[in-house]
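Working notes, structure below.
We count residues from 1, following the sequence as given.
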Amino acid sequence: MTLAYDAAGDGPALVLLHSGVCDRRMWDPQWSALVDAGYRVVRCDFRGFGETPLPDRRHNDADDVLELLDTLGIDRAALIGSSFGGRVALEIAARRPERVSALVLLCAGLPEHEPSDVLRAFGEREDALLEAGDVAGAVELNVDTWLGPDAQEAVRDEVRAMQRHAFDVQLAAPEGAGRFAVETDLSAVKAPCLALSGGRDLEDFRQIAARLPELLADARHLELPWAGHLPGLERPAAVSDLLAGFLRETVPAG
């Protein structure tokens with residue numbers, strides 16, 4: 001099954017991978033800017049998000065993205081991943097380094113990261129709300145946790161809608177659905193990487209971004225002091241400019 005996706009533009013390929021509280025619509029603010037900059041831009045919904053349903057078997061998100069690239073005839077692409085999407089991007093870059101030209105990781109997750117007490121408490125609270133049937137409460141918990149103070153109310157509403165839809169799909173998952181992990185060696189990642197963190201984000205993700213230059217062959221870290229966990233939605237123009245500048249250096253168009 002192919003993931004639901006959008007594709008537009010010509011030039012070097014870019015793939016946008018969404019966070020675990022959103023779907024591919026989170027990239028609306030960057031979409032036109034990247035296409036207009038001369039790139040072939042693809043964005044997709046992971047299974048259980050947006051327009052991609054969950055199958056009745058376990059799946060691996062990196063495998064799904066690689067299958068989508070094969071379907072589109074894309075041999076090599078830059079990967080731009082937010083949060084969980086950043087974790088998927090790292091897995092792809094480690095397992096298939098020849099297919100990744102560059103990486104931008106926005107507040108990315110890391111496979112072996114041991115969650116802090118704060119992050120663990122968030123997960124326990126979310127689970128408790130969902131088990132109690134309070135889906136709306138779980139949505140609000142995510143909106144309040146992951147969006148920084150610069151997010152406008154319209155953006156908060158967009159994240160509410162995306163997270164609510166994801167919960168509805170995932171809570172109705174067929175028997176047997178779920179993810180499986182593939183062990184990865186980050187020393188295999190060769191693509192140049194820009195790791196962004198948010199000064200208003202949970203400490204877990206700030207620490208992960210700061211560690212990536214030690215773990216990857218060619219990575220640099222930049223903290224955005226104003227940002228929460230979803231900077232591309234909080235200050236879209238600023239993030240679009242950062243993406244464009246890094247891509248001009250690493251994967252120039254035209």
Could you go through the salt bridge (charged side-chain N to carboxylate O under 4.0 Å, His left out) check for Arg125 and Glu131 one step at a time? CA-CA 10 Å; Arg125 178 60 178 156; Glu131 289 170 7; over 6 Å; no
Decide side-chain contact (heavy atoms from CB on, under 4.5 Å) for Glu203 and Ile208; before the verdict, give the C-alpha distance in whole Å, the side-chain angles of both, and the deciding distance to 0.1 Å. CA-CA 9 Å; Glu203 188 64 27; Ile208 288 169; over 6 Å; no
Heavy atoms, side chains only, cut-off 4.5 Å: are Leu110 and Leu212 in contact? yes
Centroid-centroid distance, His18 to Phe49, less than 6.0 Å: yes
Look up atom CG in Leu243 and atom CG in Leu14, then write down how far apart they are to the nearest 0.5 Å. 9.0 Å
The reported gap from CZ in Arg206 to SG in Cys107 (rounded to nearest 0.5 angstrom) is 10.0 Å
Please assess Tyr5 against Thr71 for the test side-chain contact (heavy atoms from CB on, under 4.5 Å), listing each intermediate value before the final yes or no. CA-CA 11 Å; Tyr5 72 94; Thr71 299; 5.7 Å; no
In one Ile/Leu/Val/Met/Phe/Trp/Tyr side-chain cluster, 4.5 Å: Leu106, Leu222: yes
4.5 Å side-chain heavy-atom contact, Pro53 and Arg47: no
I'd like to know whether Val41 forms a side-chain contact (heavy atoms from CB on, under 4.5 Å) with Trp31, so could you lay out the CA-CA distance, the side-chain angles of the two residues, the decisive distance to 0.1 Å, and finally the verdict. CA-CA 8 Å; Val41 187; Trp31 180 256; 3.5 Å; yes
Tell me if a side-chain donor or acceptor on Asp63 pairs with a main-chain N or O of His59 at a distance below 3.5 Å. no
Quick check: does any side chain N or O of Thr52 sit under 3.5 Å from a backbone N or O of Ala4, one acting as donor and the other as acceptor? yes
Point-to-point distance, once rounded to the nearest 0.5 Å, from CE of Met26 to OG of Ser83: 8.5 Å
Among Ile, Leu, Val, Met, Phe, Trp and Tyr joined by side-chain contacts under 4.5 Å, find the other residues sharing a cluster with Val169 and list them by chain and number. none
How long is the span from the CG atom in Asp241 to the CD atom in Gln30, to the nearest 0.5 Å? 10.0 Å
Should Val21 and Leu230 count as side-chain neighbours, where that means a heavy-atom distance under 4.5 Å? yes
Would you call Arg156-Glu140 a salt bridge at under 4.0 Å N-O? no
Are the side chains of Val42 and Leu16 in touch, meaning some heavy atoms are under 4.5 Å apart? no
Does Val88 offer a backbone N or O that forms a donor-acceptor pair with the side chain of Asp61 under 3.5 Å? no
Backbone N or O of Gly50 within a donor-acceptor pair of the His165 side chain at under 3.5 Å? yes
Approximate separation, where rounding is to 0.5 Å, of Asp36 CG and Ser240 OG: 11.0 Å
Connected via hydrophobic side-chain network under 4.5 Å: Phe46 and Val182: no
I'd like to know if Lys190 and Asp218 make a salt bridge, using a cut-off of under 4.0 Å between side-chain N and carboxylate O. no
Under the criterion side chain to side chain donor-acceptor pair (under 3.5 Å), I'd like the reasoning laid out for His113 against Asp204: C-alpha separation, chi angles, the key distance, then a yes or no. CA-CA 8 Å; His113 177 72; Asp204 295 69; 2.8 Å; yes
Would Arg96 and Glu67 pass as an ion pair if we require N to O under 4.0 Å? no
A side-chain contact here means heavy atoms from C-beta on lying under 4.5 Å apart; do Leu194 and Arg220 qualify? yes
Would Leu54 end up clustered with Leu171 when hydrophobic side chains under 4.5 Å apart are linked, directly or stepwise? no
Partner of Ile92 under side-chain contact (heavy atoms from CB on, under 4.5 Å), picked from Val15, Leu69, Val189, Val65, is Val65
Please check this pair: side chain of Thr250 against backbone of Ala102, looking for a donor-acceptor N/O pair closer than 3.5 Å. no
Closest contact, heavy atoms only, Ala93 versus Val100: CA-CG2, 3.8 Å
Consider only side-chain heavy atoms of I, L, V, M, F, W and Y, link residues closer than 4.5 Å, and tell whether Leu202 and Trp226 are in one cluster. yes
What class does the angle between the rings of Trp146 and His229 fall in, given that below 30° is parallel, 30 to 60° is tilted and above 60° is perpendicular? tilted
First locate atom CZ of Phe246, then atom CD1 of Ile80, and finally report the distance between them rounded to the nearest 0.5 Å. 9.0 Å
Determine whether Cys44 and Leu17 make a side-chain contact, defined as any pair of heavy atoms from C-beta on separated by less than 4.5 Å. yes
Below 4.0 angstrom, N of the basic side chain to O of the carboxylate: do Arg43 and Asp6 qualify? yes
Testing the basics here: between Ala177 and Pro55, what is the closest heavy-atom pair and its distance to 0.1 Å? CB-O, 3.2 Å
Using a strict cut-off of less than 4.0 Å between a Lys/Arg side-chain nitrogen and an Asp/Glu carboxylate oxygen, indicate whether Arg160 and Glu153 qualify as a salt bridge. yes
Between the main-chain N or O of Leu119 and the side-chain N or O of Ser116, is there a donor-acceptor pair closer than 3.5 Å? yes
Closest non-hydrogen atoms of Pro97 and Ala188, given as atom of the first, atom of the second and distance, are CB-O, 3.5 Å
Indicate yes or no for a side-chain donor-acceptor contact from Asn60 to the backbone of Phe180 under 3.5 Å, with no hydrogens or angles considered. yes
Would a distance-only check, ignoring hydrogens and angles, find a side-chain to backbone donor-acceptor pair under 3.5 Å from Tyr39 to Val251? yes
Output yes when Glu234 and Arg200 qualify as a salt bridge under the 4.0 Å nitrogen-oxygen rule, no when they do not. no
Would a 4.5 Å heavy-atom cut-off, applied to side chains only, mark Leu141 and Gln163 as touching? no
Side-chain ion pair, Arg95 and Glu91, N-O less than 4.0 Å: yes
So, Asp28 and Arg25, do they make that salt bridge, N to O below 4.0 Å? no
Ion pair present between Arg76 and Glu98, side-chain N to carboxylate O less than 4.0 angstrom? no
Keeping Asp23 on the side-chain end and Met162 on the backbone end, is there a donor-acceptor pair under 3.5 Å? no
Before accepting this row, confirm whether a basic side-chain N of the pair Arg40/Asp10 lies closer than 4.0 Å to the acidic partner's carboxylate O. no
Pro192 versus Leu103: any side-chain heavy-atom pair under 4.5 Å? no
